[in-house]
Amino acid sequence: MPVNKFPGRFITFEGGEGGGKSVQLARFAEYLRARGQDVVTTREPGGTPVGKEIRRLLVEGDKDKFDEVAETLLFYADRRINLSKIVFPALKAGKCVLSDRFNDSTIAYQYYGSAKFADTSVMDGLYKIVAGDFKPDLTFLLDIDPRLGLARSFRKAETMDIKELRFENVDISFHERLRRGYLELAAAAPERFVIIDASKSMDEVAAAVINAYERRAATLRR
Ligand code: TMP
């Protein structure tokens with residue numbers, strides 16, 4: 001069974017659009033730091049300077065500007081850089097790393113969402129190349145009805161003049177498929193996933209994340 005063999009913990013936040021991952025990750029980081037933990041936060045795509053350039057290619061512009069194979073390769077290139085420059089060094093140093101998205105996003109979006117790959121063998125092969133046997137210790141899935149999540153996302157993009165809407169602009173069935181995909185991934189790995197209802201208020205979601213973490217903390221490796 002693949003594991004994280006480093007001394008530090010690796011915790012990921014996953015989910016469709018508008019589930020509030022970034023805010024919740026920041027709040028959870030604050031909670032851990034207040035308890036004396038050395039926390040490093042990162043994101044995919046875009047956790048490193050080169051990754052930011054890859055991110056721009058992936059999240060801006062026309063949804064059909066490249067196909068699912070090119071898109072998948074770019075996500076794994078970004079993942080490799082993020083793992084080698086940020087995640088692995090921090091975990092080796094015993095820090096707790098929180099990542100806004102990781103490999104489950106690729107399975108949810110590029111496999112379940114795009115529905116253009118026959119199976120996950122392309123992703124599984126690439127994952128092995130970029131990460132070997134490494135896996136997160138814990139994954140919070142911020143689950144939300146895509147209609148509600150997308151409405152939140154578009155509202156935020158308008159008020160903050162955000163242009164990163166390439167995936168938001170794909171049709172609703174894509175977002176429904178990826179949500180079901182995430183729920184299947186969570187059902188297949190209950191020891192790693194915690195499903196959080198992200199339709200609730202920010203404070204309620206933050207409390208649910210902390211409660212779930214406290215319940216799981218005893219069973220985590222360290
Ligand atoms: P973010 O807006 O949550 O930072 O994520 C950027 C977009 O990239 C989001 O629409 C989800 C998408 N994405 C994938 O399609 N596959 C992946 O592997 C990752 C990490 C993100």
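Just so it is clear, the model here is predicted, and its values are computed rather than measured. Atoms within each ligand, like the ligands themselves, are counted from 1 in listed order. The residues of the chain are indexed from 1 along the displayed sequence.
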Please state which option from Glu44, Arg55, Arg166 has its nearest heavy atom closest to atom 4 (O) of ligand 1.
Arg55
So the atoms of ligand 1 within less than 4.0 Å of a heavy atom of Arg79 turn out to be 18 (O), 20 (C)
Under 3.5 Å donor-acceptor, Lys65 side chain and Glu60 backbone
yes
min-distance protein heavy atom vs atom 9 (C) of ligand 1 -> Glu17 OE2, 3.4 Å
Among Arg55, Glu53, Arg43, Lys85, the one residue meeting side-chain contact (heavy atoms from CB on, under 4.5 Å) with Thr48:
Lys85
Per-residue contact class, Arg43 against ligand 1 - non-hydrogen pairs under 4.0 Å:
side chain
Would you call the rings of Phe167 and Phe174 parallel, tilted or perpendicular, taking 30° and 60° as the class edges?
parallel
Hey, looking at atom 15 (O) of ligand 1, which of Gln110, Lys21, Glu168 has the closest heavy atom?
Gln110
With heavy atoms only and a cut-off of under 4.0 Å, state how Thr106 meets ligand 1: side chain, backbone, both or neither.
both
When distances are taken from atom 21 (C) of ligand 1, the protein heavy atom at minimum range is Phe75 CE2, 3.3 Å
Looking only at protein heavy atoms, which one is nearest to atom 7 (C) of ligand 1, and how far off is it?
Val59 CG1, 3.7 Å
Between Ser105 and Glu14, do the side chains contain a donor N or O and an acceptor N or O under 3.5 Å apart?
yes
Close approach of Glu164 to ligand 1, heavy atoms, under 4.0 angstrom
no
With a 3.5 Å cut-off and no angle check, do the side chains of Thr106 and Arg79 form a donor-acceptor pair?
yes
Heavy-atom gap Leu58 to ligand 1 smaller than 4.0 Å
no
Compute whether any side-chain donor of one residue and acceptor of the other, for Glu184 and Tyr112, lie under 3.5 angstrom apart.
yes
So the ring-ring contact (aromatic ring centres under 6.0 Å, His included) pairs with at least one residue in residues 49-71 (sequence neighbours excluded) are none
Consider only side-chain N and O atoms of Ser201 and Glu204, and report whether a donor and an acceptor are under 3.5 Å apart.
yes
Closest candidate by heavy atom, reference atom 5 (O) of ligand 1, pool Met123, Glu14, His175, Arg101
Arg101
